[in-house]
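The structure appears right after this line, and notes come after that.
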Amino acid sequence: MQQRSGYVGIIGRPNVGKSTLLNHLLGQKISITSRKPQTTRHRILGVKTVDDIQFIYVDTPGLHSHGGHALNRYMNRAALQALHDVDVIVFLVDARRWHEQDDWVLKQLRHLTVPIILAINKIDKLSDRSHLLPYLAAAAARYSFFKIIPISAKNGDQLLELEKAVSDCLPQQPHLFPADQLTDRSDRFIAAETVREKLTRLLGEELPYALTVTIDAFEDEPSIVRIAAVIWVEKSSQKPIVIGEGGERLKRVGQTARVDLEKYFDKKVFLKLWVKVKSGWSDDEKSLRQLGYGDCDLYPAHQQS
Ligand code: GDP
Ligand code: MG
């Protein structure tokens, strides 16, 4: 049989479940998730090869109409650039309500010629599924979607149907990645993002907007991975928030991140964390680049190979 392979853009406003969907489709966690909007800051590829079909999913930061801050502009740019070379788009919305922001996102997609599959997510949250019928009818009137599929990214409901629809849209061409490759992102990136996820979840409302994580040292030894990570905040007053009383919070961040990383790397992990201050980085293009928010080159791993 002919091989099929292609890029699948996962698009939607913040918090609709894009990263949760990617992780569930891959069966492995590569993209961090949380209740907070703007958790995903980078474009990230997830590769899934099933026999002759290779899905190259592109998770993106949530699109939002208000630009503003340099970091926000970076995230919008990363999301919109990711659309240019995809073969099909999965447009994610929330089953409980169609938002104005969804209309704004759809407007960004309208001029594209690739098929758009509408995935109506979080159906597990609906108390009465008959509410879906008018929702489906209204959605169909908005745009001629290739398919409309209600799903639960969290429980996995209807994800097989979604993948079937996606695979119908993939072009016949040889696979672009080795069958055992899971992502284009480095182990260092996964480590930094895992620490950021734990901070995002544990700090809740107290989370400094501009917090970011870099990796100082990464040594992959036969039986252990040794990682030193730096947590960057913008003001020294934010340091104690991250560290917590008696260092409790930072300790908890380290412990929970280590558990996830040991699963990902499938070996023991030694994780050391520091908190440092670098003022004004989130609105300064140069600092953004230094901290890894560089040009959002589309598919770097692909180009290098
Ligand atoms: P993103 O910003 O679009 O990437 O959204 P995330 O994947 O980070 O998810 C945002 C929040 O929605 C998280 O708390 C997820 O656990 C939750 N979530 C995602 N998909 C579902 C779903 O199908 N059902 C339920 N109940 N929650 C979901
Ligand atoms: Mg996300």
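Ligands are counted one by one from 1 in listed order, and the atoms in each one are counted from 1 as well.
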_Considering non-hydrogen atoms of the protein only, which is the closest contact for atom 2 (O) of ligand 1, and what is the distance?_
Asn15 N, 2.8 Å
_Geometric N/O contact Ala153 with ligand 1, under 3.5 angstrom_ = yes
*Considering the heavy atoms of Ser19, write down every atom of ligand 1 situated less than 4.0 Å from one of them.*
4 (O), 7 (O)
*Would you please determine whether Gly12 falls within less than 4.0 Å of ligand 1 on a heavy-atom basis?*
no
*Contact summary for Leu118 and Ala139, nearest pair of heavy atoms*: CD2-CB, 3.5 Å
*When only distance counts, is Ile151 in polar contact with ligand 1, meaning an N/O pair under 3.5 Å?*
no
*Lys263 atom NZ: more than 12 heavy-atom contacts under 6.0 Å*: no
*Give yes if a backbone or side-chain nitrogen or oxygen of Lys125 is under 3.5 Å from a nitrogen or oxygen of ligand 1, and no if not.*
no
_Spacing of CZ belonging to Arg185 relative to CD1 belonging to Ile30, to within rounding of 0.5 Å_ = 9.5 Å
*Would you check whether Asn121 has a nitrogen or oxygen atom less than 3.5 angstrom from a nitrogen or oxygen atom of ligand 1?*
yes
_Could you work out, with side chain to side chain contact (heavy atoms under 4.5 Å, CB included) as the rule, every residue matching Arg97, not counting sequence neighbours?_
His99
*asked:* Is the contact between Ser34 and ligand 1 made by the side chain, the backbone, both, or neither, using heavy atoms and a 4.0 Å cut-off?
replied: backbone
_Atom indices of ligand 1 within 4.0 angstrom of Lys18 heavy atoms, with elements_ = 1 (P), 2 (O), 3 (O), 4 (O), 5 (O), 7 (O)
*Would you check whether Asp59 has a nitrogen or oxygen atom less than 3.5 angstrom from a nitrogen or oxygen atom of ligand 1?*
no
*When you check the gap from the basic side-chain N to the acidic O, do Lys125 and Asp94 get nearer than 4.0 Å?*
no
_ligand 1-proximal atoms of Leu92, by part, heavy-atom distance under 4.0 Å_ = neither
_Test your reading of the structure: does Gly17 have an N or O sitting under 3.5 Å from an N or O of ligand 1?_
yes
*Kindly say whether Trp232 contributes a backbone atom to a donor-acceptor pair with the side chain of Lys278 at under 3.5 angstrom?*
no
*Hey, what's the ring geometry for Tyr7 with Phe177, parallel, tilted or perpendicular (30° and 60° as the breaks)?*
perpendicular
Could you go through residues 148-161 and list every donor-acceptor pair under 3.5 Å that involves a side-chain atom there, pairing it with any protein atom two or more places apart or in another chain?
| from | atom 1 | to | atom 2 | distance (Å) |
| --- | --- | --- | --- | --- |
| Ser152 | OG | Asp124 | OD1 | 2.9 |
| Ser152 | OG | Asn155 | N | 3.0 |
| Gln158 | NE2 | Pro150 | O | 3.0 |

*Any sub-3.5 Å donor-acceptor pair from Glu262's side-chain atoms to Val269's backbone N or O?*
yes
*Nearest protein heavy atom to atom 27 (N) of ligand 1, by residue and atom, and its distance?*
Lys154 CD, 3.6 Å
*Under a 4.0 Å N-O cut-off, is there an ion pair linking Lys107 with Asp103?*
no
*Which protein atoms of type N, O or S are found under 2.8 Å from the Mg ion (ligand 2)?*
Ser19 OG, Thr40 OG1
_Where at least one partner belongs to residues 23-36, residue pairs that pass salt bridge (charged side-chain N to carboxylate O under 4.0 Å, His left out), sequence neighbours excluded_ = Lys29-Glu197, Lys29-Asp260
*For atom 24 (N) of ligand 1, which protein heavy atom lies nearest, and how many Å away is it?*
Asp124 OD1, 2.7 Å
*asked:* Does Glu219 have more than 12 heavy atoms from other residues, nucleotides or ligands lying within 6.0 Å of its CD?
replied: yes
_Nearest non-hydrogen contact with atom 17 (C) of ligand 1 belongs to which option: Arg96, Lys122, His24, Arg35?_
Lys122
*Can you list the ligand 1 atoms lying under 4.0 Å from a non-hydrogen atom of Thr33?*
7 (O), 8 (O)
_Contact check, side chains of Asn121 and Val16, non-hydrogen atoms, under 4.5 Å_ = no
*Under-4.0 Å salt bridge between Asp52 and Arg4*: no
